[in-house]
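Please read the structure below before turning to the comments.
In each ligand, atom 1 is the first atom listed, and ligand 1 is the first ligand listed.
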Amino acid sequence: MAREKIVLAYSGGLDTSVAVKWINETYDMDVIAYTCDLGQGQDIHAIRDKALRTGAVDAIAEDARNLFIDYFVWPSLMAGALYEGKYPLATALGRPLIAQLMVRVAREHGATAVAHGCTGKGNDQVRFDVTFQTLAPDLKIVAPVREWKWTRTQELEYAAKHGIEVEATKKSIFSTDQNIWGRSIEAGILEDPWVAPPAETFQWTVDPKDAPDEPEEVEITFEQGRPTAWNGVEMDGIELIEAANKTAGKHGVGRIDHIENRLVGIKSREIYEAPGAVLLNEAHKELEFLTLSKESQRFKTHVSQTYADLIYNGLWFSQLHQDLMAFTVSNQQYVSGVVRMKLYKGGLIVVGRKSPHSLYRHELATYEEGDQYDATAAMGFIKIHGLGQTTQAKHQLLNTKGGGRPRLELPSIIPPDTAR
Ligand code: ARG
């Protein structure tokens, strides 16, 4: 009888290479390696070849960059999704797409299981597993690294015993993940939150002190919340994000140092490098200041936070997401225009913005000729606006009659130990 097949998310690194053999031995299954290009800057065809050399019966490599940008990156940008106000979510956005594409491959090949190389401590296992369970509840999930519980030395011994290629260059001292939207770097010396990340942490951004001595201005065009042109030149998503990564990185913009709250209850120290994401998020927010009503802007902060949490927590394929997406698309309908951003020595600042739908009205804002604002109407408005507070002050805050202010003792949330 033919062996059952399993689709493994294969990165070409040590863990997933060892996983190919380990699954063969432990589960007696044929491994189909799956690798996709999300803009991580690796040769996916070389990775595919390595999978076949390592013992996969089949290996698939495909370019998923456009899917990633159109369905994951742009929506998160439009939603203003930054986890805990800091992390642009590059890794978190990639997982549901990889998992979805693996499910497709599993169906095409009649596989009965899927596998990934995540540990049992992180968020990525959650994102993969929840997506598999949502889209293909019948598929068995295997997570070798979570299951084998080896030390690094034991893993290297296993690799040596089975003739698995271990990179000649010494393995990175960090654990990293990257795609076109950013790099995530953790572990090693970064586990001490007091220690500044050493120079080797960074690959896409220069140290701000080494950035050019001249500032640079860039113009980013948005249409209904999506970036469409860079310095007036229309570009597709890949080109535009690459231009943003390159320019912001050159000026040392996009380094993020985050003590983040993982879903699994751990606080972890993560360094992110996301020059393009930081620049585009900032520019996008500036255009919203110009084009969203005050009420929409206020309300959207809640949506942004919930959106970020659901991405981070692996709940991409949820109805709540569909609902928030509907809000976001509607909310972004007038977010079109151009933003001018200045980059200089690690700093990023808006210097100009314009939109055909601008709610900034010169005839209302000006102190000069042409003012159409009715200042006399302000007086009545102020009286009514403050009425609640002036009433309260008169009868409570400033009322000295009737014994003055009552004394307040706050109850404790902890009851006494004894019932007597
Ligand atoms: N903490 C980030 C997240 O949960 C990044 C994890 C990426 N993995 C890594 N090996 N650095 O999205």
Sub-4.0 Å heavy-atom contact, Tyr87 with ligand 1: yes
Counterpart residues, salt bridge (Lys or Arg N to Asp or Glu O under 4.0 Å), relative to Glu165 (two or more places apart): Arg53
Heavy-atom nearest neighbour of atom 4 (O) of ligand 1 within options Leu89, Asn123, Asp177, Leu190: Asn123
Contacting atoms of ligand 1, where contact means under 4.0 angstrom from a heavy atom of Ser184: 5 (C), 7 (C), 11 (N)
Within 6.0 Å of NZ in Lys342, more than 12 heavy atoms from elsewhere: no
For atom 5 (C) of ligand 1, closest protein heavy-atom neighbour: Glu270 OE2, 3.4 Å
Cation-pi, Tyr272 ring and Arg255 (6.0 angstrom, 45 degrees): no
Heavy atoms of other groups near Leu359 CG, more than 12 under 6.0 Å: yes
Residue and atom name of the nearest protein heavy atom (relative to atom 10 (N) of ligand 1), distance in Å to one decimal: Ser175 OG, 2.6 Å
Per-atom contacts, ligand 1 versus Tyr272 - under 4.0 Å to a heavy atom: 1 (N), 2 (C), 5 (C)
Close aromatic pair by centroid cut-off 6.0 Å: Tyr360 and Phe289: no
Within-shell test, Tyr83 vs ligand 1, heavy atom, strictly < 4.0 Å: no
Glu260 N/O under 3.5 Å from ligand 1 N/O: yes
For His162, side-chain contact (heavy atoms from CB on, under 4.5 Å) partners two or more places apart: Lys21, Glu25, Tyr158, Ile164
Per-atom contacts of ligand 1 with Asp124, taking only distances under 4.0 Å to non-hydrogen atoms: 6 (C), 7 (C), 8 (N)
Within reach of ligand 1, part of Gln178 (heavy-atom separation under 4.0 Å): neither
Gln319, CD atom: more than 12 neighbouring heavy atoms under 6.0 Å: yes
Geometric class of the Trp150/Trp148 ring pair [parallel <30°, tilted 30-60°, perpendicular >60°]: parallel
Arg262 heavy atom under 4.0 Å from ligand 1: no
Heavy-atom nearest option to atom 3 (C) of ligand 1, drawn from Arg183, Arg127, His258, Arg269: Arg127
